[in-house]
Amino acid sequence: MKFTILDYLEETAARYPDKIAFADVNTSVTWSEFVNRAKEKAAVISKYFEPGKAVPVMIEKSVKTLEYFFGALYAGCFYSYFDSTFPDSRLNSMIETLELKYIIADSRFEKKLAGLKINPLFYKNLEEEKAEYSDNRRLAIIDTDAVYANFTSGSTGTPKAVVVSHRSVIDFISVFTEIFEIKAEDNIANQAPFDFDVSVKDIFSGVFTGASVHLVPKMYFSFHTMLLDYLEQREITVLIWAVSALCLVSSMDGFDYKVPSKLRMIMFSGEVMPIKQLEIWKKFVPNAEYINLYGPTEITCNCTYFRIPKDADLSAYTKGVPMGIPFPNERILLLDENNSLVTKPDTEGEVCVSGTCVALGYYNSEKTAEVFVQNPLNKATFERIYKTGDLATLGKDGIFYYIGRKDTQIKHMGHRIELGEIENAISQHANITRACCIFADNKITAFYIGKETDKKEIVTLLKTSLPVYMVPSEFLYIEEFPLTKNGKIDKKALMEKLNVCKD
């Protein structure tokens, strides 16, 4: 039986020893080489890190980074990626949360690390150390031990480390790769940074199936010609990308340059997919299957999926692409404000998730007890659920439909308003590619990209589908949205732009 991620890795390495496992722009590694290199690194890691502890890694996204991730696992530890571009205050908060003494890093970050409360272990020095690998730690791992910790932003300003176990990754990736028929013959293009859980689907889909995972440099997403050349040259078949990454290609007219010929599966998550951008993708890559994925980091990547029919009339998705149906072995509950089950169709409730997929919690944080809670509907046995903070409805068709965040649902002029509904309505304008609304000083302001459009035109359109109290007071055109490093719209940066406009 297989209880850990490493069992799956070793099975794949035995089946496809000479096949490319991971590749970056400069180098690649086969599955057998990858196992051997991970064990070599584990031997040295074991000298500095105790079993069950976090191993932070600050190396640019590369094959080398992944070797250290899996070296951490072979050492009976778990990995956590540290981004060198983060401010010192955030990195020191992450160091304090994980109670770290050492960090494995590239020596080019020596100056950055000098400002942090941690001792750097530069990987070039580590690789000169002599140590013999032992299976003792690896054999002591159980399936409830952690694989990784990914940090998410905290409402208090302190980042939280979501810790996910071997069991949860095995549960999700086994189903994920089976449903979407990811095979050894596939080439997966990794877009997401390694501290964003979309990358978990890339990395471990490869580990479980033998598919080759190609690490796309972040810079390529600023130059669509380089990106599309890369996808074609690497014969990429599967994309599991953030919505904004897909939109970068379609909004920059990238397909006028080149259309990758091997794409068969395009999955997206992180934000609501703009229908206009999806239409562009389907126009140029009509034979691929398109999947909308939903789920927060705290439930191991995703809990629902929706296959978009090839003949679907996308204009019919007036409220956005549906969340879809639950993945097998995941239970979705919609709870109202009284923690009662929402049973009436098309009635909103908070999305709560139960199952093996639920993360271990937040590392070293009292916040765990607030959102990882006992299922209030189950009085007989222990059943932990994660309260996502997202609102959705369950249609009569048995499909879940996303509404938005509880914390983006505002009270304005006596009415409860979901900003996502306004954004979707604005995006229906022919000149507008995408919109994002901000609520501040008791008024709604809409930012949009596409072509600058007269405010009266937009208002006229909105009044055909929205009540007057939902029509924004201001419409601000910008050339492009500021994005977080995870590819989501940076609403904090938009708020700063709003304040500048006021001044």
Side-chain angles (χ1 to χ4, degrees), residues 2-9 49-57 69-70 72-82 93-100 137-138 140-156 158-176 194-201 203-204 207-208 295-303 326-327 329-333 351-375 378 381-390:
K2 297 187 285 293
F3 299 105
T4 76
I5 292 303
L6 300 176
D7 295 324
Y8 287 84
L9 172 63
F49 296 89
E50 296 177 6
K53 299 297 184 179
V55 176
V57 180
F69 284 178
F70 281 79
L73 297 180
Y74 270 109
C77 304
F78 62 95
Y79 68 82
S80 186
Y81 186 71
F82 275 45
S93 175
M94 293 162 64
I95 289 166
E96 183 178 350
T97 295
L98 293 178
E99 302 172 314
L100 299 171
R137 287 196 182 189
R138 181 252 186 283
I141 300 170
I142 60 175
D143 68 350
T144 52
D145 286 340
V147 174
Y148 61 85
N150 279 345
F151 280 84
T152 65
S153 61
S155 57
T156 61
T158 302
K160 307 185 298 295
V162 181
V163 187
V164 177
S165 71
H166 287 261
R167 181 170 65 184
S168 292
V169 175
I170 290 169
D171 177 70
F172 176 72
I173 296 294
S174 296
V175 168
F176 183 81
F194 286 159
D195 56 348
F196 188 27
D197 73 342
V198 175
S199 69
V200 170
K201 289 172 279 192
I203 296 167
F204 292 104
V207 168
F208 276 54
T297 304
E298 288 86 346
I299 52 82
T300 315
C301 300
N302 302 119
C303 55
F327 278 96
N329 203 36
E330 301 194 34
R331 179 179 297 138
I332 311 295
L333 307 170
V351 178
C352 299
V353 187
S354 173
T356 303
C357 62
V358 177
L360 296 173
Y362 301 121
Y363 197 89
N364 203 18
S365 173
E366 295 178 357
K367 187 72 175 177
T368 297
E370 295 180 27
V371 291
F372 293 89
V373 300
Q374 169 67 19
N375 180 358
N378 184 350
T381 61
F382 177 66
E383 181 190 353
R384 197 172 60 140
I385 63 173
Y386 172 67
K387 300 179 64 127
T388 68
D390 287 333

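Note that these values count all heavy atoms, side chains included, but never hydrogens, waters or copies made by symmetry. Computed from a predicted model, the values in this text were never measured in an experiment.
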Return yes if some donor-acceptor pair links the side-chain N/O of [X] with the main-chain N/O of [Y] below 3.5 Å, else return no.
X: Asn378; Y: Thr381; answer: yes
X: Asn364; Y: Thr97; answer: yes
X: Arg137; Y: Ala75; answer: yes
X: Ser354; Y: Arg331; answer: no
X: Arg384; Y: Ala359; answer: yes
X: Ser165; Y: Thr144; answer: no
X: Ser80; Y: Ala149; answer: yes

Heavy-atom distance under 4.5 Å between the side chains of [X] and [Y], does that happen here?
X: Phe327; Y: Asp171; value: no
X: Val207; Y: Phe70; value: yes
X: Tyr386; Y: Pro296; value: yes

- Query: Any Lys/Arg nitrogen of Arg138 or Asp7 sitting under 4.0 Å from an Asp/Glu carboxylate oxygen of the other?
  - Reply: yes

- Considering all heavy atoms of both residues, which atom of Lys2 and which atom of Ile170 are nearest to each other, and what is their separation? O-CD1, 4.5 Å

- So which heavy atom on Thr388 is nearest to which on Asp390, and how close? OG1-N, 3.0 Å

Rounded at 0.5 Å granularity, tell me how far [atom1] in [X] sits from [atom2] in [Y].
X: Ile5; Y: Asp145; atom1: CD1; atom2: CG; answer: 12.0 Å
X: Thr152; Y: Asp195; atom1: OG1; atom2: CG; answer: 11.0 Å
X: Glu298; Y: Cys357; atom1: CD; atom2: SG; answer: 11.5 Å
X: Phe204; Y: Leu9; atom1: CZ; atom2: CG; answer: 9.0 Å

- Task: Please assess Val164 against Leu360 for the test side-chain contact (heavy atoms from CB on, under 4.5 Å), listing each intermediate value before the final yes or no.
- Result: CA-CA 6 Å; Val164 177; Leu360 296 173; over 6 Å; no

- The single option from Tyr148, Phe69, Tyr79 that satisfies ring-ring contact (aromatic ring centres under 6.0 Å, His included) with Phe194 is Phe69

- Query: For Val175 and Glu330, what are the C-alpha separation, side-chain angles and deciding distance, and is it a side-chain contact (heavy atoms from CB on, under 4.5 Å)?
  - Reply: CA-CA 11 Å; Val175 168; Glu330 301 194 34; over 6 Å; no

- Query: Under 6.0 Å between the ring centres of Tyr362 and Phe372?
  - Reply: yes

- Task: Take Val200 and Phe176 through the side-chain contact (heavy atoms from CB on, under 4.5 Å) test and state the conclusion after the steps.
- Result: CA-CA 11 Å; Val200 170; Phe176 183 81; over 6 Å; no

- Give the intermediate values and the outcome of side-chain contact (heavy atoms from CB on, under 4.5 Å) for residues Leu333 and Asn375. CA-CA 9 Å; Leu333 307 170; Asn375 180 358; 3.7 Å; yes

- Is it true that atom CD of Gln374 has more than 12 heavy atoms of other residues, nucleotides or ligands lying nearer than 6.0 Å? yes

